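Structure, as structure tokens:
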Amino acid sequence: MKLVPPFDAETARLKVQAAQDAWNTKDPRRVAGAYTPDSVWRNRSEFVHGTDEIVAFLTKKWEREHEYVLRKSLWAFGDSRIAVRFQYEWHDDEGQWWRSYGNENWEFAESGLMSRREASINDVKIAESERRVDPGSTYEIPAE
């Protein structure tokens with residue numbers, strides 16, 4: 001099954017799962033392969049353009065976000081766009097754990113590669129005992 005627009009409920013869900021799986025590898029080149037060479041991102045207040053900047057951004061991200069584990073869920077879809085909500089947990093160099101909450105809006109080229117990614121993200125300090133996203137789990141994101 002090709003995961004290209006226009007999306008239906010099944011292809012949108014599979015696209016979200018594929019993104020989650022790729023990001024959890026923490027392999028910047030693998031993740032960047034899902035985006036068009038001229039893809040445009042807004043990640044928080046940072047703007048990223050094209051494959052080289054995506055790889056550099058992700059490399060820097062995963063150098064500081066240790067034991068990163070991400071969960072995404074489909075929020076909405078239509079034609080060539082998908083909206084997701086997500087949570088990921090990680091700890092910094094000092095051992096402080098964080099849960100990062102966010103929403104993303106994705107737009108895809110006809111090829112199925114993502115041409116635009118808009119991400120809004122907030123970080124909350126948590127104790128290690130409050131972690132709920134386990135690398136091996138199929139954790140569902142609660143509607144907090």
Side-chain angles (χ1 to χ4, degrees), residues 1-92 96-128 130-144:
M1 172 184 303
K2 289 188 116 185
L3 302 179
V4 298
F7 296 108
D8 60 26
E10 180 64 8
T11 57
R13 186 190 65 73
L14 290 170
K15 197 70 155 173
V16 171
Q17 184 65 54
Q20 175 181 292
D21 293 347
W23 280 68
N24 277 323
T25 69
K26 297 174 284 302
D27 178 342
R29 289 248 168 243
R30 178 174 172 187
V31 173
Y35 299 87
T36 61
D38 60 349
S39 186
V40 175
W41 287 18
R42 182 190 55 77
N43 194 88
R44 302 174 191 251
S45 61
E46 193 165 348
F47 294 85
V48 179
H49 302 88
T51 303
D52 290 342
E53 288 185 20
I54 290 170
V55 169
F57 172 87
L58 293 172
T59 299
K60 188 171 109 178
K61 170 186 178 62
W62 289 319
E63 285 173 352
R64 74 177 181 278
E65 294 181 359
H66 308 293
E67 296 187 62
Y68 172 98
V69 181
L70 167 72
R71 292 296 178 264
K72 292 184 182 281
S73 68
L74 178 64
W75 189 257
F77 66 91
D79 298 324
S80 63
R81 294 184 174 148
I82 295 174
V84 300
R85 62 190 188 119
F86 62 87
Q87 293 179 18
Y88 60 90
E89 293 174 348
W90 55 282
H91 69 82
D92 58 27
Q96 173 62 57
W97 281 92
W98 299 86
R99 183 174 302 120
S100 300
Y101 296 89
N103 299 293
E104 292 176 322
N105 296 312
W106 301 341
E107 186 169 16
F108 294 87
E110 288 181 13
S111 65
L113 296 177
M114 195 181 304
S115 59
R116 185 166 198 85
R117 175 182 172 266
E118 300 274 342
S120 297
I121 307 167
N122 301 94
D123 301 314
V124 177
K125 285 184 179 182
I126 61 171
E128 184 172 6
E130 295 176 292
R131 291 185 64 206
R132 57 185 181 206
V133 183
D134 183 289
S137 75
T138 56
Y139 168 77
E140 293 293 321
I141 298 173
E144 296 182 62

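Small disclaimer: the values here were computed from a predicted structure and weren't measured. Quick note: residue numbers are just sequence positions, from 1.
The side chain to side chain donor-acceptor pair (under 3.5 Å) search around R42 returns E118, S120, not counting sequence neighbours. Scored by the side chain to side chain donor-acceptor pair (under 3.5 Å) test, W62 finds no partners at all (sequence neighbours excluded). Considering only residues two or more places apart in sequence or on other chains, H66 meets the ring pair (Phe, Tyr, Trp, His ring centres under 6.0 Å) condition with H91. Here S39 pairs with nothing under the side chain to side chain donor-acceptor pair (under 3.5 Å) rule; sequence neighbours left out. Here Q17 pairs with D21 under the side chain to side chain donor-acceptor pair (under 3.5 Å) rule; sequence neighbours left out.
W90 is not listed as a side-chain neighbour of E67, based on a closest heavy-atom distance of 4.5 Å or more. A 4.5 Å side-chain heavy-atom check between T36 and F108 finds every atom pair outside the cut-off. Taking the side chain as every heavy atom from C-beta outward, D79 and P5 never approach each other to under 4.5 Å. Residues V69 and E89 have side chains not in contact (no heavy-atom distance under 4.5 Å, counting atoms from C-beta outward).
When every heavy atom of L70 is checked against every heavy atom of N24, the shortest pair comes out as N-OD1, 2.8 Å. In plain terms, the two heavy atoms of S115 and A109 that are nearest each other are OG-N, 4.1 Å. When all heavy atoms of A32 and I54 are compared, the closest pair comes out as CB-CG2, 3.8 Å.
Salt bridge status for K72 with E104: present, with a side-chain N to carboxylate O gap under 4.0 Å.
Summarising the local packing, CD of E110 is surrounded by 12 or fewer heavy atoms from other residues, nucleotides or ligands at distances under 6.0 Å. Annotation for D8: atom CG counts as buried by contact number, over 12 foreign heavy atoms lying within 6.0 Å. Around atom CH2 of W98, more than 12 heavy atoms belonging to other residues, nucleotides or ligands sit under 6.0 Å away.
Each of D52, T59, L58 was scored for a side chain to side chain contact (heavy atoms under 4.5 Å, CB included) with V55, with one residue passing: T59.
Identified under the salt bridge (charged side-chain N to carboxylate O under 4.0 Å, His left out) test for residues 54-66, with sequence neighbours left out: K61-E65.
Between Y88 and W23, the distance separating the two ring centers is not shorter than 6.0 angstrom.
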Next item on the list: Step by step, work out the side-chain hydrogen bond (donor to acceptor under 3.5 Å, both in side chains) result for N105 and R81.
Entry: CA-CA 7 Å; N105 296 312; R81 294 184 174 148; over 6 Å; no
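How far CG of N43 is from CD1 of I121: 4.0 Å, rounded to the nearest 0.5 Å.
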